[in-house]
Amino acid sequence: MNFFRRSLLIVLFGFNLPIGYAAPLTIEITEGVESAVPVAVVPFASQGAPVNISAVVNADLERSGYFKMMSEQGMPGRPSTAGEVNFKDWQAVNQNYLVIGQVVASGSGQYNVQFQLFDVYKSGQLLGYKMTSSAADLRRTAHHISDLIFEKLTGKKGVFSGRIAYITTNNQGTKQQSQQLQVADADGFNPQTVASSIEPLMSPSWSPDGKKVAYVSFERKSAAIYVQTLATGERVRVAEFPGINGAPSWSPDGSRLALTLSKDGSPDIFVLNLSTRSLTKLTKSFSIDTEPSWSPDGSSIVFTSDRGGSPQIYSVSSQGGQEKRLTFSGNYNAKASFSPDGKSLVMVHGNGNDYRIAVMDLASRSINVLTGGRSDESPSFAPNGSMILYASKKGRTGFLSAVSLDGKMQQKLVFNSGEVREPAWAP
């Protein structure tokens with residue numbers, strides 16, 4: 001059995017799934033940008049807030065790889081207001097930018113949060129915001145501050161306020177395992193269980209508004225696709241046809257799902273209208289067509305097919321029509337998805353027994369391999385297009401990693417216990 005067909009069986013039928021359980025993430029920067037900019041985030045003056053906002057901001061900026069964060073021990077002062085800032089002191093310790101702030105309790109569990117971002121060498125303010133937050137939302141407020149700072153200093157939107165979804169497996173005993181679909185903040189905090197089953201769960205896919213997740217569950221002993229609303233937990237079974245029901249992917253307007261069905265024989269790509277439940281069949285071949293993903297404008301769908309003898313990426317109009325092969329380099333290209341700007345595709349690119357994350361520029365069709373692992377899979381673009389989240393393995397241990405679009409910044413997202421697979425970054 002070739003690798004593609006074996007992988008399809010693993011994805012669709014849950015064989016050889018990794019063993020582990022959900023746990024908080026530890027994020028390790030394994031490779032950063034050489035030109036990382038020095039930034040100091042001074043501990044915010046705080047009146048007993050339950051979250052250390054400045055520590056969250058410092059960690060966010062550090063794990064982006066774009067900034068070299070100053071240790072608290074080396075800081076020449078602890079200013080919390082603009083009048084307390086002596087720019088010459090910060091110039092003397094070679095800091096380009098300075099962040100200060102305050103968190104003040106305002107009663108009834110509310111906090112007033114303010115921060116300022118300064119250009120040290122120009123001795124001027126770049127940003128200044130005041131905001132109100134509940135105790136429960138302080139961590140989200142901290143991520144929002146990180147997003148504002150990141151965008152101001154890089155020109156790119158931050159992704160620290162985002163969320164990720166992933167699948168874990170928990171040992172329940174010698175013969176039983178429980179699988180969980182988890183959703184967590186982008187830094188791994190606040191993990192929530194969306195679904196749990198002793199049968200396989202797989203292929204999480206976010207709705208465009210980030211309010212719902214589609215996924216595959218075998219809880220009824222056969223494959224079915226569910227759509228679940230995160231806020232309420234309400235879920236609807238939208239596809240349970242005979243055979244394979246797999247790889248759901250949301251249309252950009254949230255009205256349809258592209259999916260893989262084998263109800264007519266071989267696995268083909270279909271589009272399901274979520275309102276009418278009508279199906280449109282896009283491909284028809286005796287080969288395996290799977291892993292559909294929409295273009296940002298909704299006009300086309302890319303998918304994986306072995307119709308040419310090896311797994312490669314093809315495209316087809318979302319209305320149906322002639323399929324077009326996109327990849328020719330390498331003997332394995334699969335699990336493709338578009339960048340947010342629609343200019344490139346991320347995919348699993350294989351030569352021999354090495355499977356790595358690569359990006360193809362759609363204009364030139366050139367492929368840039370970003371990772372050096374031997375079993376990298378399930379790539380997912382960050383909403384700003386600058387990072388790619390993916391699953392990897394070392395031996396029998398599975399974990400998550402992220403790499404920048406240019407390959408210069410890499411980080412490893414390590415669960416303190418257990419393993420994880422099939423990550424998906426929320427829009």
Side-chain angles (χ1 to χ4, degrees), residues 25-41 57-71 94-97 99 117 143 146-162 164 186-188 329-330 333 335-351 354-394 399-414 423-425:
L25 283 170
T26 299
I27 299 176
E28 304 172 359
I29 304 298
T30 57
E31 188 172 342
V33 179
E34 292 182 2
S35 57
V37 176
V39 176
V41 177
V57 172
N58 190 88
D60 283 345
L61 297 179
E62 182 174 38
R63 68 186 173 86
S64 76
Y66 285 89
F67 306 109
K68 182 179 180 181
M69 308 308 296
M70 187 178 195
S71 67
N94 302 313
Q95 295 303 296
N96 288 26
Y97 300 100
V99 180
L117 169 67
H143 291 316
S146 302
D147 286 338
L148 292 169
I149 294 171
F150 183 86
E151 184 171 6
K152 185 65 178 180
L153 297 183
T154 68
K156 303 174 183 178
K157 288 189 176 297
V159 295
F160 308 111
S161 297
I164 58 175
D187 62 354
S329 175
N333 292 286
K335 192 62 176 176
S337 61
F338 283 90
S339 60
D341 62 9
K343 295 181 179 180
S344 58
L345 290 175
V346 67
M347 65 189 70
V348 179
H349 176 74
N351 275 307
D354 291 334
Y355 300 93
R356 301 174 179 178
I357 305 305
V359 170
M360 184 177 76
D361 179 85
L362 285 171
S364 66
R365 300 295 173 88
S366 62
I367 291 180
N368 181 25
V369 178
L370 302 180
T371 67
R374 301 194 66 181
S375 301
D376 300 335
E377 60 184 21
S378 301
S380 174
F381 266 109
N384 65 2
S386 67
M387 295 289 296
I388 295 163
L389 183 67
Y390 64 98
S392 191
K393 271 192 173 184
K394 186 174 182 180
F399 53 89
L400 301 187
S401 294
V403 61
S404 60
L405 191 58
D406 57 11
K408 293 181 179 179
M409 198 288 293
Q410 299 186 28
Q411 54 185 250
K412 185 177 178 181
L413 293 77
V414 183
W425 217 316

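No hydrogens, no waters, no symmetry mates; every other heavy atom, side chains included, goes into these values. Given the structure is predicted, the values throughout are model-derived calculations rather than measurements.
- Side-chain contact between Met409 and Ser386 is absent, with no heavy-atom pair separated by less than 4.5 Å.
- In summary, the side chains of Asp361 and Ser344 do not present any donor paired with an acceptor at a separation below 3.5 Å, with no hydrogens or angles considered.
- The side-chain heavy atoms of Leu153 and Leu117, taken from C-beta on, include a pair separated by under 4.5 Å.
- No side-chain heavy atom of Arg356 sits under 4.5 Å from any side-chain heavy atom of His349.
- Residue Arg63 holds its CZ atom at 11.5 Å from CG of Asn58, rounded to the nearest 0.5 Å.
- No side-chain donor-acceptor contact under 3.5 Å links Asn368 to the backbone of Val359.
- Residue Asp187 holds its CG atom at 10.0 Å from OG of Ser161, rounded to the nearest 0.5 Å.
- Using a 4.5 Å heavy-atom cutoff, the side chains of Val41 and Ile149 are not in contact.
- For the residue pair Pro423 and Ser380, the shortest heavy atom distance occurs at O-CB, 3.9 Å.
- For the pair Ile388/Phe381, a side-chain contact is recorded, criterion being any heavy-atom separation below 4.5 Å from C-beta on.
- Across all non-hydrogen atoms, the minimal contact from Ile367 to Ala358 is CG2-CB, 3.7 Å.
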Discussion item. Checking Met69 against Val39 for the side chain to side chain contact (heavy atoms under 4.5 Å, CB included) test, could you report, in this order, the C-alpha distance in whole Å, the side-chain angles of both residues, the deciding distance, and whether it holds?
Written reply: CA-CA 5 Å; Met69 308 308 296; Val39 176; 3.9 Å; yes
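- Counting heavy atoms from C-beta outward, Ser401 and Tyr390 have side chains that approach closer than 4.5 Å.
- Atom OG in Ser337 sits 7.5 Å away from atom CG in Leu345 (nearest 0.5 Å).
- A side-chain contact (heavy atoms from CB on, under 4.5 Å) with Val403 is found for one member of Met387, Lys408, Gln410, Gln411 and no other, namely Gln410.
- Heavy-atom minimum distance, Ser146 versus Leu61: O-CD2, 4.0 Å.
- Listed here is the closest heavy atom pair of Phe150 and Tyr66: CE1-CD1, 3.7 Å.
- From Met70, atom CE reaches atom CG of Asn96 across 12.0 Å, with rounding to the nearest 0.5 Å.
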Practice prompt. Decide side chain to side chain contact (heavy atoms under 4.5 Å, CB included) for Tyr355 and Asp376; before the verdict, give the C-alpha distance in whole Å, the side-chain angles of both, and the deciding distance to 0.1 Å.
Written response: CA-CA 6 Å; Tyr355 300 93; Asp376 300 335; 5.8 Å; no
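- Contact detail for Pro383 and Pro340: the closest heavy-atom pair is O-CG, 3.4 Å.
- With Asn384 contributing its side chain and Lys156 its backbone, the two residues share no donor-acceptor pair below 3.5 Å.
- Annotation for Val348 and Pro379: closest pair CG2-CD, 3.8 Å, computed over non-hydrogen atoms.
- Looking at Met347 and Met360, their side chains come closer than 4.5 Å, going by heavy atoms from C-beta outward.
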Item to complete: List the steps, then state whether side chain to side chain contact (heavy atoms under 4.5 Å, CB included) holds for Phe67 with Thr154.
Response: CA-CA 10 Å; Phe67 306 109; Thr154 68; 3.8 Å; yes
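- Using a distance-only test at 3.5 Å, with no hydrogens or angles considered, a donor-acceptor pair links the side chain of Asp147 to the main chain of Val159.
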